[in-house]
Amino acid sequence: MSLKERFIFNFIEDNRWKYLWDGLGATLKVTFFSLLLGVAIGIVIAIIRSTHDKNIKDMKGASKGILKILDIIARVYLTVIRGTPVVVQLMIMYYVVMVSSTNKILVATIAFGFNSGAYVAEIFRSGIMAIDNGQFEAGRSLGFNFVKTMRYIIVHQKKKN
């Protein structure tokens with residue numbers, strides 16, 4: 001049997017192309033939902049970390065303690081997730097955390113979402129930290145609090161070449 005005949009027999013006549021099609025669909029689902037989860041986690045972690053880095057000196061009371069605790073949790077999350085291989089994270093998620101789940105797509109989505117969230121958080125945080133402190137001070141002089149300064153001034157800036 002020639003290569004062409006074996007290809008046609010195995011791939012076309014046995015309908016094995018459907019396995020590739022199903023695999024492509026599963027890959028696209030995992031990619032899309034992992035991206036959404038990763039961006040959501042990344043934004044939250046980046047806000048916690050950048051708020052801590054920019055404002056911890058000016059804060060007082062319980063909010064300072066809460067922010068310190070959240071920053072410690074965020075740092076541990078970033079260190080652990082970025083320090084372990086994604087295959088190990090996937091195996092831990094499948095065999096330990098979600099052992100009772102039969103939905104493999106969901107397990108993969110959560111594992112890859114947590115992984116990408118750590119990297120996205122550092123990308124967003126570095127972008128926020130790259131903004132000059134004068135921009136934050138300008139927002140404060142306009143009477144904005146930290147959240148309004150971030151929303152109306154810092155986030156809307158784009159780098160111009």
Side-chain angles (χ1 to χ4, degrees), residues 20-99 101 103-161:
L20 294 174
W21 185 254
D22 293 342
L24 176 65
T27 300
L28 292 176
K29 284 179 195 173
V30 168
T31 302
F32 179 74
F33 291 112
S34 294
L35 178 69
L36 291 179
L37 181 62
V39 168
I41 291 171
I43 288 172
V44 171
I45 298 294
I47 289 171
I48 290 169
R49 295 272 297 119
S50 63
T51 302
H52 177 271
D53 292 347
K54 293 269 186 189
N55 288 342
I56 197 67
K57 296 176 279 217
D58 302 331
M59 297 180 80
K60 295 179 179 104
S63 61
K64 184 174 184 176
I66 292 171
L67 186 60
K68 279 188 176 186
I69 291 169
L70 290 175
D71 184 61
I72 289 169
I73 292 169
R75 284 177 188 250
V76 168
Y77 165 76
L78 291 172
T79 302
V80 169
I81 296 297
R82 289 175 51 209
T84 56
V86 71
V87 173
V88 173
Q89 295 171 17
L90 190 59
M91 288 173 43
I92 290 171
M93 187 66 70
Y94 185 74
Y95 291 115
V96 177
V97 177
M98 299 185 73
V99 70
S101 177
N103 190 349
K104 296 173 185 171
I105 301 288
L106 177 67
V107 174
T109 299
I110 292 172
F112 288 128
F114 282 173
N115 183 273
S116 67
Y119 291 98
V120 169
E122 288 299 298
I123 292 168
F124 284 163
R125 188 184 71 83
S126 66
I128 291 169
M129 298 303 286
I131 303 295
D132 184 42
N133 280 337
Q135 301 294 318
F136 286 97
E137 293 168 3
R140 299 294 180 148
S141 69
L142 292 171
F144 291 164
N145 61 13
F146 182 75
V147 174
K148 285 186 179 180
T149 302
M150 290 293 289
R151 181 175 176 199
Y152 294 118
I153 296 175
I154 304 304
V155 174
H156 290 290
Q157 293 189 27
K158 296 178 183 173
K159 183 178 178 182
K160 295 180 181 167
N161 294 332

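Only heavy atoms go into these numbers, but all of them, side chains included; no hydrogens, no water, no symmetry mates.
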Could you state the interatomic distance from [atom1] ([X]) to [atom2] ([Y]), rounded to the nearest 0.5 Å?
{"X": "Ile48", "Y": "Ile72", "atom1": "CD1", "atom2": "CD1", "result": "12.0 Å"}
{"X": "Leu70", "Y": "Thr51", "atom1": "CG", "atom2": "OG1", "result": "10.0 Å"}
{"X": "Met150", "Y": "Gln135", "atom1": "CE", "atom2": "CD", "result": "12.5 Å"}
{"X": "Phe124", "Y": "Ser50", "atom1": "CZ", "atom2": "OG", "result": "11.5 Å"}
{"X": "Leu20", "Y": "Thr27", "atom1": "CG", "atom2": "OG1", "result": "10.5 Å"}
{"X": "Lys54", "Y": "Thr149", "atom1": "NZ", "atom2": "OG1", "result": "11.0 Å"}

side-chain contact (heavy atoms from CB on, under 4.5 Å) involving Ile73 - partner list, sequence neighbours excluded =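 Counting only residues at least two positions away or on another chain, Ile73 forms a side-chain contact (heavy atoms from CB on, under 4.5 Å) with Ile69.
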Got a donor-acceptor contact below 3.5 angstrom from the [X] side chain to the [Y] backbone?
{"X": "Asn145", "Y": "Lys148", "answer": "yes"}
{"X": "Ser126", "Y": "Ile123", "answer": "yes"}
{"X": "Ser116", "Y": "Gly113", "answer": "yes"}
{"X": "Ser141", "Y": "Ala138", "answer": "yes"}

ask   = Does a side-chain heavy-atom distance below 4.5 Å link Phe112 with Phe33?
value =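 Contact flag for Phe112/Phe33 side chains = no.
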ask   = Does Arg151 reach the side chain of Phe144, with side-chain heavy atoms less than 4.5 Å apart?
value =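 The answer is no, as the side chains (C-beta and beyond) never meet within the 4.5 Å cut-off.
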Heavy-atom closest pair, residues [X] and [Y]:
{"X": "Ile154", "Y": "Phe136", "value": "CG1-CE2, 3.7 Å"}
{"X": "Leu142", "Y": "Ile153", "value": "CD1-CD1, 4.4 Å"}
{"X": "Lys64", "Y": "Ile56", "value": "CE-O, 3.5 Å"}
{"X": "Ala111", "Y": "Leu90", "value": "CB-CD1, 3.6 Å"}
{"X": "Thr109", "Y": "Val30", "value": "OG1-CA, 3.7 Å"}
{"X": "Val80", "Y": "Gln89", "value": "O-NE2, 4.4 Å"}

Is it the case that more than 12 heavy atoms not belonging to [X] sit under 6.0 Å from its [atom1] atom?
{"X": "Phe32", "atom1": "CZ", "value": "no"}
{"X": "Met91", "atom1": "CE", "value": "no"}
{"X": "Tyr94", "atom1": "OH", "value": "no"}

Show every donor-acceptor pair shorter than 3.5 Å between a side-chain atom in residues 36-47 and any protein atom, with sequence neighbours excluded, or say none if there are none.
none

ask   = What's the verdict on salt bridge (charged side-chain N to carboxylate O under 4.0 Å, His left out) for Glu122 and Arg125, showing C-alpha distance, side-chain angles and the deciding distance?
value = CA-CA 5 Å; Glu122 288 299 298; Arg125 188 184 71 83; 3.3 Å; yes
